[in-house]
Amino acid sequence: MSEVLPRPGDPAITPELVKEHGLTPGEFDRVSKMLGRAPTFTELGIVSALWNEHCSYKHSKNTLRTLPTEGAAVIQGPGENAGVVRIGDGIAIAFKIESHNHPSAIEPYQGAATGVGGILRDVFTMGARPIAMLNSLRFGSLDSARNRYLFAGVVRGIGDYGNCIGVPTVAGEIVFDPAYDGNPLVNAMCVGMLREDELILAKAQGVGNSILCVGARTGRDGIHGASFASEDLSEASEAKRPRVQVGDPFTEKLLLEASLELIRSGHIVAIQDMGAAGLTSSSAEMAARGDVGVTIDTSLVPVRETGMTPYEILLSESQERMLVVALQGHEEAVRAILFKWDLTAEVIGKVIAEPVYRVTEGDTVVAEFPGSDLVTQCPRYDVPAREGADAIRLRAMDVSAIAELPEERDPAWTMLKLLASPTIASKRWAFQQYDSTVRTNTVVGPGGDAAVLRIRGTDRAIAVKTDCNGRYVALDPRVGGRIAVAEAARNVACTGARPLAITNCLNFGNPTRPEIFFQFTEAVAGISEACIALDTPVTGGNVSFYNESPTGSVYPTPVIGMVGVIDSLEHITRSTFRNVGDAIVLLGDCTDEIGGSEYLATVHGVTGGAPPGCDIVRERGVINTLLQAIQAGVVASAHDCSDGGLAIAIAECMMSDAEATTGADIDLAPWDSLPDRAVLFGEAQGRVIVSSGDADRVLQIAAENSVPARKIGVVRSRDEGLTIRVGRQKVRIGTDQLGEAYHTAIPKIMNTTAQAIVIDEVEGVLA
């Protein structure tokens, strides 16, 4: 080990400085014991970056190990930049989802844009060309000017970055709920494609090989960005805007092409994105994976600002940068490839035999840690888990006793109100800002149950989707976790795809609170149960804790990113009714369950009751029935029944992206024994609406799978509108009324005049 002395000008290490770096006294003692001395300021910064929650998973790793991660299709599971699964013909899919919540809360445009950039790099560092982007977004009520500002900024940031780099944004979900006031959730997912033999891992190896910093130069932006993601949001968070990175999609496009060329050139053995914690995490994690030593010279790192210290260079999260391990003697070939793409590539270190992580500034050692201890010796915590009293009270609420409003005597009023609620209403205002068709592989784009992309040169396609209902998880975390996986699987199956594997982004509050840790462990248990039953292993993901603001914690929101495979392009199925005269069949059954529903939240302002049950065996039967019917050629359309219940799902089946296109005649007499509002707006799980020219065959396949199924109606022409017979009522709604409610709700809120007011109001708040 080398002698490491304090760098002239660095501050003294005090308890206050240690606390400012997010380390507990016990963690500081752990570092000191590891080093055999007190750390220097640079070493304190390194440990602060790597041992924060965002990088170390110190409160979640033990729980995450309970998830199923192996399967016949899995090539690479958790622990790398992205998971990889095979889909046949030697083709593999790399995919990953991550959060950029806190940056988006204070700088929505750049927060969202750099979230897109980071997840793109996670995928193409595996050797995969990105072919699609997805997102999962949560905001507070759009009644708030601040929330409208955040929504508009995030959507624009996602659109601008993806559009500039030329990767289509094809699917996602957007939810609005007061639970997300002050702390929006911005989760970005990327899907890429590669040949199985093109896979590369971020594992340093080969003593004597060179470590190069490639891509953009390093600046002071984003320093301590990972630490910022590992603390609660507060009124002081606005002062931390400098911790938000600034992205450049045009440089990212060059880096993407250069990285893929490097990977295929044979000149490199490893490549890693400089994401959270920048050069520190990428170099230390690559060394730990390869079980080798490394030495880094910060004076050789290309910078864009003068006077940067090793502390700043190591912790900067400047975007569009990669760390590469090149074969010894191949450095000039690597530089030539980067030069061709107008990017820099400089040797900044070496892989060494000595088991040490060493950082120098020229000839001066400024930080040194033994072996891979910096990564492997991070503390792990198991917090006592105890369900909160509020959750128990809300789940026990007798929601059936909530009296209907006078207006609800006409179910049409309730239906139109739900269709116009921002969570259910068309999100076309947002996704029309995204290029969803660039590269011309998109078969089904935004607005469907899941997006579908063809795989060129084959008869295959993949379906991709993000999904979660945070309200369910708040009321019953285990059931909510199950439902998140099951609904994502149903959405993928509705396009004709067999669910294959998932990635997850687990958004929760402060894990040191027992009630939050209970939510987390129970939700993971529910996810695990569903993934085992549906044979959809977890290939990786992200944990985002500390999603809290002065108003409290967000709903626990474990977002599931699902990938499925369609074995023949002939089986691609869309969600809207196709043919007038087709029978409408409901797979699954209606129940007397309205707990946790959008109906209660929107119409009555109530979050309570037990969420709908999730029979995962039944879910598997519904998915098998649906796929067999699609493969038999007897399904014209298929749509999952979820937010808003059966009535809303039927209305959605009647509408395309921009208008209502068909009518429907529905008879729900089989459920006359249930309350009308439960039949129409209850969110019983395991249900899919199918239209078919051969309903008898669909019903036969359902019976063979022991799945309840009934013919409930007929597709009519647009002019005939929607008719629903329920209980003793006959509800009639014109097609134009449905379209007006569904398609104009969000544009009316987010009009140009309102945007100008929003920006003025927010600037006033920030001033």
Side-chain angles (χ1 to χ4, degrees), residues 175-179 390-425 467-480 482-484 486-487 490 555 586 588-615 618-619 639-652 666 668-689 708 710 712 724-729 731:
V175 171
F176 302 93
D177 192 287
D390 284 347
I392 296 171
R393 177 181 56 81
L394 289 173
R395 186 170 62 248
M397 184 185 298
D398 181 8
V399 293
S400 65
I402 296 174
E404 294 187 12
L405 301 176
E407 295 90 341
E408 291 185 71
R409 292 170 187 161
D410 179 6
W413 177 89
T414 310
M415 192 168 175
L416 293 173
K417 188 172 182 65
L418 283 170
L419 283 171
S421 68
T423 290
I424 290 177
D467 228 315
C468 182
N469 188 315
R471 192 183 298 122
Y472 292 167
V473 187
L475 292 169
D476 190 325
R478 188 175 292 235
V479 172
R482 266 192 232 125
I483 290 175
E487 185 174 349
R490 285 197 308 272
Y555 283 151
L586 177 65
D589 209 352
C590 296
T591 64
D592 186 5
E593 294 176 298
I594 60 171
S597 64
E598 191 68 25
Y599 158 75
L600 282 183
T602 297
V603 177
H604 294 279
V606 171
T607 295
C614 181
D615 181 338
R618 173 68 58 81
E619 294 279 1
H639 180 44
D640 169 47
C641 185
S642 56
D643 293 346
L646 180 58
I648 297 305
I650 291 167
E652 290 170 340
I666 304 295
L668 302 178
W671 297 283
D672 279 352
S673 62
L674 302 178
D676 290 355
R677 64 178 178 177
V679 175
L680 292 171
F681 310 118
E683 296 173 4
Q685 296 297 295
R687 295 185 297 172
V688 174
I689 298 168
R710 287 185 174 90
I712 62 170
I724 302 179
R725 295 170 186 82
V726 57
R728 297 181 180 180
Q729 301 187 74
V731 186

Subject >> Ala684 to Thr591 - nearest heavy-atom pair and separation >> reply: CB-OG1, 3.3 Å

Original post:
Which pair of heavy atoms, one from Cys468 and one from Val473, lies closest together, and at what distance?
Top reply: SG-CG2, 4.3 Å

Subject >> Under the side-chain contact (heavy atoms from CB on, under 4.5 Å) test, residues paired with Ala179 that sit two or more places apart >> reply: Asp177, Tyr555

Subject >> Minimum-distance pair of heavy atoms, taken over all atoms of Arg687 and Cys590 >> reply: NH1-SG, 3.4 Å

Original post:
Between CG of Asp676 and CD of Glu404, what distance do you get to the nearest 0.5 Å?
Top reply: 7.5 Å

**OP:** Without swapping roles, check the side chain of Glu683 against the backbone of Gly644 for a donor-acceptor pair under 3.5 Å.
**Re:** yes

Original post:
Between Thr423 and Val175, is there a donor-acceptor pair closer than 3.5 Å when you use the side chain of the first and the backbone of the second?
Top reply: no

Original post:
Quick one: CZ on Arg677 to OG on Ser400, what's the gap to the nearest 0.5 Å?
Top reply: 7.5 Å

**OP:** Would you please name every residue forming a side-chain contact (heavy atoms from CB on, under 4.5 Å) with Pro178, sequence neighbours left out?
**Re:** Asp181

Original post:
Can you name the closest pair of heavy atoms from Val479 and Pro611 and give their distance?
Top reply: CG1-CG, 4.2 Å

Subject >> Partners passing side-chain contact (heavy atoms from CB on, under 4.5 Å) against Ala486 (at least two apart in sequence or in another chain) >> reply: Arg490, Cys614, Ile616, Glu619

Original post:
Going through the distances and angles, do Val606 and Met397 end up as a side-chain contact (heavy atoms from CB on, under 4.5 Å)?
Top reply: CA-CA 10 Å; Val606 171; Met397 184 185 298; 3.8 Å; yes

Subject >> Residues which pass side-chain hydrogen bond (donor to acceptor under 3.5 Å, both in side chains) with Glu407, listed by chain and number, not counting sequence neighbours >> reply: none

**OP:** Using a 4.5 Å cut-off on heavy atoms from C-beta on, say whether the side chain of Gln729 contacts that of Asp410.
**Re:** no

**OP:** Can you run down the salt bridge (Lys or Arg N to Asp or Glu O under 4.0 Å) pairs that involve residues 592-605, sequence neighbours left out, and say none if there aren't any?
**Re:** Arg471-Glu598

**OP:** Compare every heavy atom of Asp589 with every heavy atom of Pro708, then report the nearest pair and how far apart it is.
**Re:** CG-CB, 4.2 Å

Original post:
Taking only residues two or more places apart in sequence or in another chain, which ones pass side-chain hydrogen bond (donor to acceptor under 3.5 Å, both in side chains) with Ser642?
Top reply: Glu487

Original post:
Taking the side chain as C-beta and beyond, is there a heavy-atom pair between Tyr472 and Pro612 under 4.5 Å?
Top reply: yes

Original post:
In Å and rounded to the nearest 0.5 Å, what is the NE2 to CD1 distance from His639 to Ile689?
Top reply: 6.0 Å

Subject >> Atom pair CD1/CG of Ile402 and Leu600 - distance to nearest 0.5 Å >> reply: 5.0 Å

Original post:
Can you name the one residue among Leu680, Leu668, Ile666 that meets side chain to side chain contact (heavy atoms under 4.5 Å, CB included) with Leu646?
Top reply: Leu668

**OP:** Could you give me the CA-CA distance, side-chain angles and deciding distance for Lys417 and Thr414, then say whether side-chain contact (heavy atoms from CB on, under 4.5 Å) is met?
**Re:** CA-CA 5 Å; Lys417 188 172 182 65; Thr414 310; 5.7 Å; no

Original post:
What residues form a salt bridge (Lys or Arg N to Asp or Glu O under 4.0 Å) with Arg393, not counting sequence neighbours?
Top reply: Asp390

**OP:** For residues Gly645 and Cys641, report the shortest heavy-atom separation together with the two atoms involved.
**Re:** C-SG, 3.5 Å

Subject >> Residues which pass salt bridge (Lys or Arg N to Asp or Glu O under 4.0 Å) with Asp467, listed by chain and number, not counting sequence neighbours >> reply: Lys465

Original post:
Who pairs with Arg482 by side-chain hydrogen bond (donor to acceptor under 3.5 Å, both in side chains), at least two apart in sequence or on another chain?
Top reply: Glu529

Original post:
Could you give the distance from CD1 (Ile424) to OG1 (Thr602), rounded to the nearest 0.5 Å?
Top reply: 6.0 Å

Original post:
Of all residues at least two apart in sequence or in a different chain, which pass the ring-ring contact (aromatic ring centres under 6.0 Å, His included) check with Tyr599?
Top reply: His604, Phe681

Subject >> Test side-chain contact (heavy atoms from CB on, under 4.5 Å) applied to Ile392 - qualifying residues, sequence neighbours left out >> reply: Glu387, Arg395

**OP:** List in chain and number order the residues that pass salt bridge (Lys or Arg N to Asp or Glu O under 4.0 Å) with Asp672, two or more places apart in sequence or in another chain; answer none if no residue qualifies.
**Re:** none

Subject >> Rounded distance (nearest 0.5 Å) linking atom CD1 of Ile648 with atom OG of Ser597 >> reply: 11.0 Å

